[in-house]
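These notes are about the structure you will find just below.
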Amino acid sequence: MTASAAAASSNAPPAAAPVGHESAARLHQAFRLAAAELGMASAGWLFVTTAARAGADAAVVELRDILGRTWPVLDAICAGWLEGARPLETPTPAMYQTLSAALAGAWRVVVIGVESRCLDALCATLSAPVRIGLVRHSDLDPDWSRVLANHRGRIEALDLSNFQTWAGPRSVLLTCTYGTTDGQHFVLPAWLRVAGSDVRLQFRDLIGCNMLAVPLHVYPRWLVTVDSHSFTGLLDLHS
């Protein structure tokens, strides 16, 4: 163990100790809240880096043991961390370049699903008058007022009932993806609600932004699969 890892371990808070049933339940609740309002990948990196600071790799292993089967994206991030993967600061110059090229000429971007790392990158890349809208639909029931407040008015609220009012030849529909398997992309179920054949004709592009560079290892709860033809473009925004 390095000196810095030893120091982090010696200063670890009580959460770095073996977790009992009540503590595990609180940890599940805390991650669900974070995943709802930040996104599963963004919350996953937050929890993993916090655990690693508190108790090095052992704490990441324990976090994975407690939460991994319920939260497959977190499980994958834990596995990635233990294999040497680390998060990048966001947004990075590469994110700017990738998003700028994909969204060049767009006037409106409709986002399906909360993922703060992606939303931060969009806000940093796209300047007014390009409008960014977030469709308020999630199985995790976030506090949408808090989600939107995180972006200080730059992102507008949309719903399943009205997002198509933003359609047009300079409009883009965008969602995050969470890795692939056998040519299939993992997405939030909300994408299936909005990306039907009628909607595909109304938007210039349907873009998937991959947030996960490591494979899923457990059953993909909270996610569904779609094939590449669901998108007109696929981007890598993972860390």
Side-chain angles (χ1 to χ4, degrees), residues 27-53 63 67 71-78 80-81 85-100 102-103 109-128 130-159 163 172-179 185-191 194 207-214 216 222-223 235-239:
L27 192 58
H28 273 280
Q29 184 178 16
F31 187 82
R32 184 186 177 104
L33 176 61
E37 298 190 0
L38 299 178
M40 288 188 286
S42 302
W45 280 114
L46 174 63
F47 271 59
V48 167
T49 54
T50 300
R53 282 197 299 269
L63 179 68
L67 298 183
W71 302 100
V73 173
L74 173 64
D75 179 83
I77 291 172
C78 288
W81 177 279
R86 296 295 182 267
L88 302 174
E89 294 299 321
T90 184
T92 65
M95 286 183 181
Y96 285 132
Q97 188 174 28
T98 298
L99 285 170
S100 293
L103 301 176
V109 178
V110 176
V111 181
I112 310 300
V114 176
E115 198 61 69
S116 64
R117 293 174 67 84
C118 180
L119 293 172
D120 288 346
L122 286 171
C123 290
T125 302
L126 303 174
S127 58
V130 179
R131 299 171 69 188
I132 305 170
L134 177 63
V135 175
R136 295 179 296 184
H137 180 80
S138 170
D139 290 342
L140 298 179
D141 298 323
D143 183 327
W144 291 106
S145 62
R146 285 208 301 254
V147 172
L148 295 168
N150 287 338
H151 302 281
R152 299 173 181 155
R154 182 66 182 92
I155 296 178
E156 302 175 49
L158 295 171
D159 295 297
F163 79 93
V172 172
L173 195 62
L174 181 148
T175 195
C176 289
T177 69
Y178 299 90
H185 301 264
F186 293 102
V187 298
L188 297 170
W191 182 249
V194 303
I207 292 178
C209 295
N210 184 28
M211 304 301 296
L212 201 60
V214 292
L216 299 179
W222 311 107
L223 302 171
L235 313 177
D236 278 326
L237 296 185
H238 54 70
S239 51

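No experiment lies behind these values; they were computed from the predicted model shown. The figures that follow rest on heavy atoms only: side chains count, while hydrogens, waters and symmetry mates do not.
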If you take all heavy atoms of [X] and [Y], which pair is closest and at what distance?
X    : Y    : result
A41  : M211 : CB-CB, 4.0 Å
A36  : V147 : O-CG2, 4.5 Å
A190 : I112 : CB-CG2, 3.7 Å
G113 : L134 : O-CD1, 3.7 Å
L38  : A43  : CB-N, 4.3 Å

- Excluding sequence neighbours, so at least two apart, what forms side-chain contact (heavy atoms from CB on, under 4.5 Å) with R154?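 R154 satisfies side-chain contact (heavy atoms from CB on, under 4.5 Å) with C123, L126, V130, I132 only.
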
Donor-acceptor pair, side chain of [X] and main chain of [Y], under 3.5 angstrom:
X    : Y    : value
T125 : L122 : no
D236 : N210 : no
R131 : V109 : no

- Stepwise side-chain contact (heavy atoms from CB on, under 4.5 Å) check, T175 with H185: CA-CA 11 Å; T175 195; H185 301 264; over 6 Å; no

Distance in Å, [X] [atom1] paired with [Y] [atom2], rounded so as to fall on 0.5 Å steps:
X    : Y    : atom1 : atom2 : result
L27  : F47  : CG    : CZ    : 6.0 Å
L119 : I155 : CG    : CD1   : 4.0 Å
C209 : L237 : SG    : CG    : 4.5 Å
D159 : W144 : CG    : CH2   : 9.0 Å
L173 : W191 : CG    : CH2   : 4.0 Å
W45  : T50  : CH2   : OG1   : 12.5 Å

Side-chain contact test, heavy atoms from C-beta onward, threshold under 4.5 Å: evaluate it for [X] versus [Y] and give yes or no.
X    : Y    : result
I207 : L235 : yes
P189 : D139 : yes
L174 : C118 : yes
I77  : L212 : yes
S138 : V114 : no
L46  : S42  : no
L223 : M40  : yes

- Stepwise, does the side-chain contact (heavy atoms from CB on, under 4.5 Å) test hold for D75 with L216? CA-CA 7 Å; D75 179 83; L216 299 179; over 6 Å; no

- Message: For the CD atom on E156, are there more than 12 heavy atoms of other groups (residues, nucleotides or ligands in this structure) within a distance under 6.0 Å?
- Response: yes

